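Comments concern the structure below.
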Amino acid sequence: MSKFFWGNSTSSMQTEGGWNEGGKSLSVYDVRPATENTSDWHFANDNYHYYDKDLNLMQDLGMNMYRFQISWSRVVKDGDGEFNEEGIKFYEHLIDKLLARGIEPMICLYHFDMPLHLAQKYNGFVSKEVLKAFVRYGKEMIRRFSPKVKYWITFNEQNLYFMPGAFKIAGYLKGKETVDELYQIFHNTMTAHAILANYLHKVSDAKIGGMLAYSETYPATCKPEDILAARKWDEFENYNLLDVYAKGKYSAEMMNFVKEHHINMNASDSELESIEKQKNDFLSFSYYASNTINAAKIPPRTIPNYYLEYGNQPNPYLSRTEWNWQIDPLGFRDVLNKMYQRYRLPVFPIENGIGVREKWDGKNQINDTYRIEYHKNHIKEMFNAINEDGVKVIGYLGWGLIDILSSQGDMNKRYGVVYVNRSNHDLKDMKRVPKLSYDWLKKVIHSNGKSIYEE
């Protein structure tokens with residue numbers, strides 16, 4: 001096997017803190033208050049001040065890649081104003097310190113944290129003005145950092161912009177959340193990705209890939225209606241994006257649906273031309289769990305984008321987390337195959353992990369054998385995909401791996417092999433405390449995965 005990347009991924013708002021320092025302007029997350037069961041987003045894990053500690057832990061684990069997100073609000077005043085040199089220097093220093101430790105940086109340009117000004121003035125990615133502002137920001141980051149950073153993604157989990165939750169993550173603050181607007185948000189993000197992919201290949205030798213949140217979705221039964229619903233979900237939410245990344249065209253089925261239902265995507269010829277010209281070097285994805293879809297639960301005339309809102313149901317053959325995420329390592333293998341065998345581009349799982357409530361007693365190591373089992377079984381299925389199925393996989397990045405706020409702002413839902421000593425409402429000392437899974441993962445990485453077969 002050629003060089004294989006082992007590492008972890010984070011977002012800026014779940015990790016950095018420093019919400020009002022270094023010239024940073026506000027994002028939509030910075031004004032969200034704490035609730036009874038969630039934190040605010042002001043401090044996160046304070047990597048803005050103390051990321052050296054976490055980089056040392058990554059280096060000790062043997063990680064050779066770290067995917068982080070640049071906060072748009074930190075490097076551009078209000079998202080479309082002047083570039084903030086102090087914010088840019090923060091990422092310059094982070095990149096240099098990663099490289100000094102032998103850790104390859106991967107940059108994500110957007111992970112749901114729309115600059116507040118752009119959300120309030122333009123309603124986020126439904127607007128062409130925000131599309132232009134994002135492209136301007138992205139081109140400048142590529143110009144600044146691509147000499148040192150050789151792996152890039154634009155949007156975290158880009159197919160989420162084609163699902164009901166798209167409006168929240170796109171910075172949409174007011175309106176009726178119409179089907180036309182859903183398709184416009186999706187098209188605008190895809191246009192931005194295409195323009196930046198084309199620009200990156202023009203000015204650098206770096207690589208870029210599209211990214212989706214890929215959850216294997218099974219039909220609930222062998223009823224033809226269930227199979228059709230599962231297939232249409234896959235076509236609209238997964239293959240539609242992968243077709244663009246690999247072939248430069250939206251799914252024929254999706255485009256026919258747009259025509260027959262008179263959906264206004266507000267797509268110009270020049271935007272479609274940028275999409276057609278784009279080239280992606282790899283296909284990346286997050287994988288946590290699988291879904292099961294029952295067509296009988298889906299109301300008539302529901303668009304495919306909303307099928308899982310109604311049709312999702314528990315799979316009786318799988319165990320679930322407290323948050324009802326179905327643990328399914330074989331689904332992981334299947335997703336790796338569906339992406340590679342159909343498109344023949346290298347695939348890269350860049351998020352994988354399990355969230356669990358954990359508390360540290362201040363003395364004893366957390367005995368998280370459930371996390372070891374989760375990662376072990378998923379890594380084994382990844383190697384089965386590589387060795388038995390012929391899938392070309394670039395690496396394996398876990399999610400978080402040093403505890404961070406969950407996507408909902410809940411510090412109680414922990415993904416890390418390192419415990420961070422804070423709660424939702426008490427920052428405590430933020431001490432980093434390796435769990436049992438830390439020692440296990442260190443052996444896995446240092447053996448390039450061989451140790452999981454020796455247990």
Side-chain angles (χ1 to χ4, degrees), residues 1-9 64-65 67 106 151 153 157-159 207-219 222 227 230-235 237-247 251 279-293 315 317-319 325-354 372-399 441 444-445 447-455:
M1 186 186 296
S2 58
K3 182 178 181 180
F4 192 83
F5 289 116
W6 297 94
N8 66 320
S9 297
N64 57 5
M65 179 171 278
R67 172 201 146 198
M106 172 189 268
Y151 289 86
I153 59 173
E157 299 178 326
Q158 195 169 354
N159 56 343
K207 298 180 187 298
I208 192 168
M211 185 204 175
L212 352 133
Y214 210 142
S215 297
E216 178 72 292
T217 299
Y218 304 110
C222 55
I227 293 169
R231 187 202 63 76
K232 288 184 80 71
W233 172 262
D234 223 2
E235 184 68 30
E237 300 300 338
N238 298 316
Y239 292 140
N240 181 37
L241 281 86
L242 294 167
D243 280 358
V244 175
Y245 298 146
K247 302 175 182 178
S251 153
K279 172 179 176 287
N280 286 272
D281 303 290
F282 58 88
L283 302 174
S284 59
F285 68 104
S286 65
Y287 182 90
Y288 295 94
S290 63
N291 300 305
T292 307
I293 194 164
N315 187 329
Y317 300 101
L318 297 174
S319 61
W325 290 27
Q326 298 178 160
I327 300 172
D328 185 7
L330 277 173
F332 184 43
R333 177 179 178 178
D334 197 45
V335 166
L336 287 163
N337 270 280
K338 288 203 290 189
M339 294 176 72
Y340 182 73
Q341 307 299 354
R342 183 163 174 157
Y343 298 102
R344 296 300 173 91
L345 286 172
V347 292
F348 199 170
I350 59 175
E351 288 184 27
N352 181 237
I354 183 169
I372 292 171
E373 284 301 302
Y374 180 94
H375 283 288
K376 177 172 69 175
N377 291 334
H378 283 76
I379 291 170
K380 279 186 174 181
E381 292 303 336
M382 176 186 68
F383 280 126
N384 286 339
I386 294 169
N387 298 322
E388 296 182 25
D389 308 333
V391 178
K392 186 174 181 181
V393 179
I394 296 173
Y396 175 86
L397 307 186
W399 175 249
L441 184 61
V444 171
I445 294 176
S447 68
N448 203 29
K450 292 177 183 173
S451 67
I452 62 172
Y453 297 100
E454 298 167 356
E455 297 175 9

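Being a predicted model, the structure only gives us computed values, none of them experimental.
- Nearest heavy-atom pair, Glu157 versus Ser286, reported as atom, atom and distance to 0.1 Å: OE2-OG, 2.6 Å.
- When all heavy atoms of Asn8 and Leu397 are compared, the pair lying nearest together is N-CD2, 4.0 Å.
- Annotation: side chain to side chain contact (heavy atoms under 4.5 Å, CB included) contacts of Tyr453 (sequence neighbours excluded): Lys380, Phe383.
- Pairing each heavy atom of Gly449 with each of Ile452, the nearest pair is O-CG1, 3.0 Å.
- In this structure, the side chains of Asp234 and Tyr214 come closer than 4.5 Å at one or more pairs of heavy atoms.
- Between Glu373 and Lys376 there is a salt bridge, since at least one side-chain N of the basic residue sits less than 4.0 Å from a carboxylate O of the acidic one.
- Side-chain contact check for Glu351 and Ser9: no donor-acceptor pair (N or O, by modelled atom type) lies under 3.5 Å.
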List the steps and the verdict of side-chain contact (heavy atoms from CB on, under 4.5 Å) for Leu242 and Lys338. CA-CA 10 Å; Leu242 294 167; Lys338 288 203 290 189; over 6 Å; no

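- No hydrogens or angles considered: nothing links the side chains of Tyr239 and Asn159 as a donor-acceptor pair under 3.5 Å.
- Partners of Asp334 under the side-chain hydrogen bond (donor to acceptor under 3.5 Å, both in side chains) rule, at least two apart in sequence or in another chain, do not exist in this structure.
- A donor-acceptor pair under 3.5 Å is formed between the side chain of Ser284 and the backbone N or O of Gly210.
- For Lys207, the NZ atom is loosely surrounded, since the number of other residues' heavy atoms within 6.0 Å does not exceed 12.
- Contact of the Met382 side chain with the Tyr287 side chain is not registered, since no non-hydrogen atoms from C-beta on lie closer than 4.5 Å.
- Of all heavy-atom pairs spanning Asp243 and Ser251, the tightest one is OD2-CA, 3.8 Å.
- Within the model, atoms CD of Gln158 and CZ of Phe285 stand 16.0 Å from one another, a figure rounded to the nearest 0.5 Å.
- In this structure, the side chain of Thr217 engages the main chain of Ser215 through a donor-acceptor pair within 3.5 Å.
- Taken from CG in Asp328 to CG in Asn291, the straight-line distance is 10.0 Å, to the nearest 0.5 Å.
- The side-chain heavy atoms of Tyr317 and Thr292, taken from C-beta on, include no pair separated by under 4.5 Å.
- Formation of a donor-acceptor pair under 3.5 Å by the Asn64 side chain with backbone atoms of Trp6 is found in this model.
- The minimum heavy-atom distance between Arg67 and Ile350, with the atom names listed, is NH1-O, 3.6 Å.
- Within a 6.0 Å radius of NZ in Lys392, other residues, nucleotides and ligands contribute 12 heavy atoms or fewer.
- Tyr151 and Asp281 form no side-chain donor-acceptor contact under 3.5 Å, judged by distance and modelled atom types alone.
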Could you walk me through whether Asn240 and Glu235 pass the side-chain contact (heavy atoms from CB on, under 4.5 Å) test, one step at a time? CA-CA 6 Å; Asn240 181 37; Glu235 184 68 30; 5.7 Å; no

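- In this structure, the separation between CG on Asn337 and CD on Glu216 is 10.5 Å, given to the nearest 0.5 Å.
- Distance check: Arg333 CZ to Asn377 CG gives 13.0 Å after rounding to the nearest 0.5 Å.
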Run Leu283 and Tyr340 through side-chain contact (heavy atoms from CB on, under 4.5 Å) and show every step you take. CA-CA 8 Å; Leu283 302 174; Tyr340 182 73; over 6 Å; no

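- Between Asn352 and the options Trp399, Tyr288, Tyr374, a side-chain hydrogen bond (donor to acceptor under 3.5 Å, both in side chains) holds for only Tyr374.
- Scanning both residues, Leu318 and Ser290, for their nearest heavy atoms gives CD1-OG, 3.4 Å.
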side-chain contact (heavy atoms from CB on, under 4.5 Å), that's the test. Do Phe348 and Met106 meet it? Break it down for me. CA-CA 12 Å; Phe348 199 170; Met106 172 189 268; 3.7 Å; yes

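- Residues Ile386 and Phe4 are in side-chain contact: their nearest non-hydrogen atoms beyond the backbone lie under 4.5 Å apart.
- Using a 3.5 Å distance cut-off with no hydrogens or angles, the side chains of Tyr218 and Gln326 do not pair a donor with an acceptor.
- Using modelled atom types, one side-chain atom of Gln341 and one backbone atom of Asp389 make a donor-acceptor pair closer than 3.5 Å.
- One finds the CZ atom of Phe332 at 6.5 Å from the NE2 atom of His378 (value rounded to the nearest 0.5 Å).
- Note that CD1 of Ile327 is 4.0 Å distant from CD1 of Ile354, once rounded to the nearest 0.5 Å.
- Looking at His375 and Tyr396, their side chains do bring a donor and an acceptor atom within 3.5 Å of each other.
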